[in-house]
Each structure stands twice: as structure tokens, then as C-alpha cells.
Amino acid sequence: MVGHYVTGIIVQAQAARHVATRQPDAAFEALANIEKAGADAMVVMRRMVGGLRNNNSTQPRTWEDVDQLVANAAAHGEPVTANIDADVRCVEPALVPSVHRIIAESLTNVRRHARNVTVVEVGAFRDNDHLVVTVRNDGQTAALSGHDAFGIIGMRERAASLGGSLIAGPTPNGGWLVRAELPTVGHR
């Protein structure tokens, strides 16, 4: 999560620097967003450190946390929308931490690697006995370095540890798609 916020801070700082001389009001707004993202990152860090001190894991994620993740991205100027089916929210609580992590990493990757993004769509729905999570954007994708691919590898490993699968790559019409299929059997 901290990486998610730090990436947002970096992107906002780059944008502020880019427009500072021509559009001071836009730079001022970007600085306000940087301040908020920094404060949010500090809250997450405090929770994480508190959890480590207490030798407890962080609080279990809920669908409300997923909603907040998307809302935070939108509040930072990302063109993100979510369509999460109501029946998924009712029957899949054990999978939510993995769903949250996959969406968070996917949104971070959009920030880091996609250019000229006008749409980011987050989805979650049931397909027979699988929970399907998608994050799709329409941006131009820069090549991933070996280090940057660790996020995708981590998402694949997370999905596989649950008996599922994850694909991530360019779409035929441009943009990028992350699609995870997580089995719901045994996770109710």
C-alpha cells in the first residue's frame, strides 16, 4: 500500500513540475494532492508499524476498503470507475484481501507505466465458481523492466496460492488488462 501512495506522490510531483511555470494553479492543486497522498501514506505506515509492534497482521480487508481504494485513486485525478457485482460482496469475504491487493497493484502499475490514460475500469463478478477481478486501462504502455515485473509476478503468485490464475498484458485494442480468476469453492 505504501508503494501505491508513494507512486501517486511521484506522479503528482512530476506533473506539478511540468506545469509550474505555465499553469501555477494546476501546480498548486497537484501540491495539495501530494500533501493528501503523503498524509494517507503516513496513516498506512502507522497502521503497518502498529501491527508489527503488536505482532498482529493488519486488519482484514473488506469490500468497503476496495471501494475506498478506487475512491482514493479517483480523488487523485485518475479516471477510474468500478463495477463490483452485489452478489460478490455478499459471498466472498475470504477473498477480499487478495482482491484488494491485486487491484491496488494494478492501479499502481497504471500510474507507473501507462501514458495518456483516459479510462481505468475495475470490475469484480462471479463466473460460475470463480470470482473474476479485472483492471483495464486504455493507455499506452511503456515496456516493463525486470524489477517492475515483480508486481505482476506477485499478483500471479497470490492468485495461484488460492488455486486461481492471473493474466496481465496488452489488449488487442490498446491498453492493458489484468484479469484474476479466483475459485470461490471453500472461500465462503
Working to the nearest 0.5 Å, report the span between OG1 of Thr7 and CG of Leu107.
-> 11.0 Å
Positive for side chain to side chain contact (heavy atoms under 4.5 Å, CB included) with Ile103, one of Val80, Thr134, Val178, Val122 = Val122
Among Ile, Leu, Val, Met, Phe, Trp and Tyr joined by side-chain contacts under 4.5 Å, find the other residues sharing a cluster with Phe125 and list them by chain and number.
-> Val132
State which residues pass side-chain hydrogen bond (donor to acceptor under 3.5 Å, both in side chains) with Asn83; sequence neighbours excluded, sorted by chain then number.
-> none
Measure the spacing between CG of Asp127 and CD of Glu181 and express it to the nearest 0.5 Å.
-> 6.5 Å
Can any side-chain N or O of His100 pair as donor or acceptor with the backbone N or O of Val96 at less than 3.5 Å?
-> no
Might you point out which heavy atoms bring Pro97 and Pro93 nearest each other, and give the distance in Å?
-> CD-O, 3.8 Å
Enumerate donor-acceptor pairs with a distance under 3.5 Å from any side-chain N or O in residues 150-174 to protein atoms, sequence neighbours excluded.
residue, atom, partner, partner atom, Å
Arg156, NE, Leu166, O, 3.3
Ser161, OG, Arg158, O, 2.7
Thr171, OG1, Gly174, O, 2.2

Linked, directly or transitively: Ile102 and Leu177 (ILVMFWY side chains, under 4.5 Å) = no
Return the set of residues passing side-chain hydrogen bond (donor to acceptor under 3.5 Å, both in side chains) with Arg136 (not counting sequence neighbours), or none when no residue passes.
-> none
side-chain contact (heavy atoms from CB on, under 4.5 Å) filter on Asn116, not counting sequence neighbours, yields Gln140
Under the side-chain contact (heavy atoms from CB on, under 4.5 Å) test, residues paired with Val19 that sit two or more places apart | Arg22, Gln23, Ala26, Ala27
Counterpart residues, side-chain contact (heavy atoms from CB on, under 4.5 Å), relative to Val117 (two or more places apart) = Pro79, Val110, Ala114, Val120, Asn137, Asp138
Mind checking what makes side-chain hydrogen bond (donor to acceptor under 3.5 Å, both in side chains) contact with Thr108, not counting sequence neighbours?
-> His4
Leu182 CG to His130 NE2 distance, which is reported to the nearest 0.5 Å = 8.0 Å
Kindly write out the residues that satisfy side-chain hydrogen bond (donor to acceptor under 3.5 Å, both in side chains) with Asp85, not counting sequence neighbours, or none if the list is empty.
-> none
ILVMFWY cluster membership beyond Phe28 - transitive side-chain contacts under 4.5 angstrom = none
Compile the donor-acceptor pairs under 3.5 Å between side chains in residues 32-39 and protein atoms, sequence neighbours left out, one pair per line.
residue, atom, partner, partner atom, Å
Lys36, NZ, Asp40, OD2, 2.9

Are side-chain heavy atoms of Glu78 and Val11 found at a separation under 4.5 Å?
-> no
Thr184 (side chain) donor-acceptor with Asp129 (main chain) under 3.5 angstrom | yes
Got a donor-acceptor contact below 3.5 angstrom from the Asn72 side chain to the Leu69 backbone?
-> no
What closest approach, in Å, do Arg111 and Gly8 show between heavy atoms, and which atom pair accounts for it?
-> CD-CA, 3.7 Å
